[in-house]
There are 2 protein chains.
Amino acid sequence: MRRERKAGGNVMLTSLAIVEDNAAIRGTLGQLIAETPGLTCLCACENARDALRLLPKHAPDIVIMDIQLPDLSGIECTRRLKRLLPQTQILIFTVYEDNDLIFRALEAGASGYLLKRTSSAEILDAITDIRHGGAPMSSEVARKVVQSFRKNEAAGPPEMRQLSAREEEILGLLTRGYTPKEIGEKLSISYETVRSHLKHIYEKLHVRSQTEAVLKAVH
Amino acid sequence: MRRERKAGGNVMLTSLAIVEDNAAIRGTLGQLIAETPGLTCLCACENARDALRLLPKHAPDIVIMDIQLPDLSGIECTRRLKRLLPQTQILIFTVYEDNDLIFRALEAGASGYLLKRTSSAEILDAITDIRHGGAPMSSEVARKVVQSFRKNEAAGPPEMRQLSAREEEILGLLTRGYTPKEIGEKLSISYETVRSHLKHIYEKLHVRSQTEAVLKAVH
DNA sequence: GTTTCAATACCCCAATTGGGTGATTTTCAA
DNA sequence: TTGAAAATCACCCAATTGGGGTATTGAAAC
């Protein structure tokens with residue numbers, strides 16, 4: 001599946017894919033890749049759905065991923081792609097330098113996080129970097145990442161537990177086998193409210209389902 | 001909510017509901033109840049859906065439940081009703097004397113298990129019995145229940161773990177956060193097969209969702 | 001005093017899930 | 001050798017779920 005290899009001397013061909021809804025940027029990136037010896041662009045998708053459908057067949061070495069996509073967020077897409085293609089490295093390429101987005105992208109499995117104002121040369125550097133086990137990110141981003149780790153002191157896996165009391169309560173009931181509907185009845189709040197809380201819980205815990213939330217909750 | 005009370009001397013009014021798809025049996029039971037002093041029939045449903053919708057409003061003391069229903073099985077219906085009305089006692093009334101059905105009905109929260117060939121007098125006895133904390137069952141059923149407990153020696157809660165290797169494997173992946181779809185991909189089997197296994201797992205573990213299955217699996 | 005956040009609730013929509021059936025094939029034990 | 005489990009896959013259908021919004025209220029933080 002890996003497309004890299006030594007041909008004759010020491011040519012390492014790196015396959016890429018692009019997930020980016022803006023056609024202009026997609027074109028620019030594709031061209032940059034095509035023009036660079038040693039790089040090849042296997043696929044360019046304009047949304048997450050296509051990415052999740054097509055990329056497993058291509059199994060690129062690296063995916064350049066936008067965050068703002070029309071269907072799923074690039075973070076969701078990253079998380080799912082990583083499940084399907086654990087060896088593929090994902091490089092986030094976005095305008096957002098929001099703390100939480102950066103953190104979540106890396107948590108979702110991204111290997112790097114570049115801001116869109118990054119120059120072509122730096123992008124190519126980042127690709128090389130990533131192939132060599134690096135984690136390229138714009139300097140602004142790197143600082144934020146360091147800061148975020150300071151907050152989660154004691155290092156270790158970036159854990160959670162900033163849940164509100166109500167959220168804890170609901171997660172607790174879920175962990176005791178209650179369905180959302182039953183939780184609503186038990187707490188005398190609407191089913192929709194329970195769902196609202198659940199969505200916030202998922203977001204804070206970086207999970208996507210009751211099953212995963214419960215798994216995190218029971219440690 | 002409880003409708004029982006002492007009126008004047010020592011009259012204890014017991015409210016009943018019937019869940020039975022056969023109109024003739026429903027009528028017979030309703031009449032039997034109506035004719036008996038101290039008993040009142042609040043509601044007669046012909047399917048599980050109606051039962052789950054209407055009975056929480058009536059909150060009967062006892063529900064007489066058939067197993068063969070057009071939509072959900074009476075066992076499923078029992079399980080769900082018990083969640084909504086923990087204080088309501090459920091009396092299974094069926095032709096099936098299948099071991100597993102009996103076990104599952106009791107596990108789902110039924111308080112008694114009568115075979116349909118039971119006489120009217122015995123049904124009334126069973127209702128009295130149940131109100132006094134008993135667990136009435138036809139003698140054939142009682143024997144089977146005792147036998148089933150012999151199998152699950154060491155007493156305790158009737159536990160599981162008769163899962164096949166494949167089922168264990170799938171439950172294991174679920175417990176590691178994989179979705180059914182991802183499990184199919186990982187094991188190179190179809191999504192439908194994974195779902196099939198999951199349904200069998202649910203049945204064996206007496207649960208109704210991924211969340212609950214995972215909870216049982218992680219102890 | 002404005003801003004932020006938690007809690008509440010509702011909408012939309014597509015995908016997933018649970019439950020019920022049914023079918024085929026393999027394997028293994030009685 | 002007949003039969004019972006397992007494992008595989010399929011189809012139906014309604015309900016639930018996940019993800020995306022938006023909106024109101026009240027309390028706490030600034």
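Proteins come first, then strands; the chains are lettered A, B, ... in the order of their sequence lines, and each starts at number 1.
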Task: Interatomic distance where CG belongs to A/L69 and P belongs to D/dG19 [whole Å] - done: 15 Å
- [ ] Take nucleotides 25-30 of chain D nucleotide by nucleotide from the 5' end and write B, S or -, depending on whether a protein heavy atom sits under 4.0 Å from the base, only from the sugar-phosphate, or from neither.
- [x] ------
Open item on the list: Using only atom types and a distance under 3.5 Å, with no angle test, would you say the side chain of B/K186 pairs donor to acceptor with the backbone of B/L173?
Closed with: no
Task: Residues B/K116, B/E20: salt bridge by 4.0 Å N-O rule - done: yes
Task: Electrostatic pair A/R26-A/D66, nearest N-O below 4.0 angstrom - done: no
Open item on the list: Rounded to whole Å, how long is the line connecting atom CG of B/L187 with atom C1' of D/dA6?
Closed with: 15 Å
Open item on the list: What is the distance, to the nearest angstrom, from the CG atom on B/L198 to the P atom on C/dG20?
Closed with: 15 Å
Open item on the list: If I compare all heavy atoms of B/C43 with all of B/L55, which pair ends up nearest, and what's the gap?
Closed with: SG-CD2, 3.7 Å
Open item on the list: Measuring from the side chain of A/E167 (C-beta onward, heavy atoms only), which nucleotide among D/dT8, C/dT8, C/dA7 has the closest atom?
Closed with: C/dA7
Open item on the list: Closest approach to the side chain of B/S209, judged atom by atom: which nucleotide of D/dG19, C/dG20, C/dG18 is it?
Closed with: C/dG18
Open item on the list: Side-chain N or O of B/Y202 versus OP1/OP2 of C/dG19: is the shortest distance under 4.0 Å?
Closed with: no
Task: Presence of B/H197 side-chain N/O under 4.0 Å of D/dT8 phosphate oxygens OP1/OP2 - done: yes
Open item on the list: In whole Å, I'd like the distance from the CD1 atom of A/I170 to the C1' atom of C/dA9.
Closed with: 13 Å
Open item on the list: Please report the distance, rounded to the nearest Å, between CG in A/L205 and P in D/dG18.
Closed with: 13 Å
TODO: Provide the closest heavy-atom pair for A/H58 versus A/L42 in the form atom of the first, atom of the second, distance.
DONE: O-CD1, 3.6 Å
Open item on the list: Students often get this wrong, so: under 4.0 angstrom with heavy atoms, is A/S190 touching a base, only sugar-phosphate, or nothing?
Closed with: sugar-phosphate
Open item on the list: When you measure from the side-chain N and O atoms of A/K204 to the phosphate of C/dC5, is any distance below 4.0 Å, counting only OP1 and OP2?
Closed with: no
Open item on the list: Using only modelled atom types and a 3.5 angstrom limit, is any donor from either the side chain of B/S164 or the base of D/dA6 paired with an acceptor on the other?
Closed with: no
Open item on the list: For a quick check of understanding: with a heavy-atom distance under 4.0 Å over all strands, which category does B/T179 fall into, base, sugar-phosphate or nothing?
Closed with: nothing
Open item on the list: Taking only side-chain N and O atoms of B/R80, does any of them lie within less than 4.0 angstrom of OP1 or OP2 on C/dG19?
Closed with: yes
Below 3.5 Å is the cut-off: list the nitrogen or oxygen pairs between protein and nucleotides 12-15 of chain D, distance only.
| residue | atom | partner | partner atom | Å |
| --- | --- | --- | --- | --- |
| D/dA15 | OP1 | B/R49 | NH1 | 2.5 |

Task: Length of the line joining B/I75:CD1 and C/dG18:C1', which is rounded to integer Å - done: 16 Å
- [ ] Answer with base, sugar-phosphate or nothing: what part of the nucleic acid does B/R53 contact at a heavy-atom distance below 4.0 Å?
- [x] nothing
Open item on the list: Using a heavy-atom cut-off of 4.0 Å across all strands, would you classify B/Y191 as base, sugar-phosphate, or nothing?
Closed with: base
Open item on the list: Can a donor-acceptor pair be found, under 3.5 Å and without considering hydrogens, that links the side chain of B/T175 to the backbone of B/L171?
Closed with: yes
TODO: Quickly work out the B/R166 CZ to C/dT27 C1' distance and round it to whole Å.
DONE: 15 Å
TODO: Verify the contact: side-chain N or O of B/T193 to OP1 or OP2 of D/dC9, cut-off strictly under 4.0 Å; return yes or no.
DONE: yes
- [ ] Using atom types as modelled and distance alone, determine if a side-chain donor or acceptor of B/E168 lies under 3.5 Å from a backbone N or O of B/A165.
- [x] no
Task: Atom-pair distance (CG on B/N47; P on C/dG20), nearest Å - done: 14 Å
- [ ] Mark yes or no for whether B/T118, through its side chain, and B/L114, through its backbone, hold a donor-acceptor pair below 3.5 Å.
- [x] no
Open item on the list: Going by the rule side chain to side chain contact (heavy atoms under 4.5 Å, CB included), which residues pair with B/R208 if we only count those two or more places apart in sequence or in a different chain?
Closed with: B/E76, B/R79, B/R83, B/E212
Task: A/T14-A/D61 side chain donor-acceptor pair, cut-off 3.5 Å - done: no
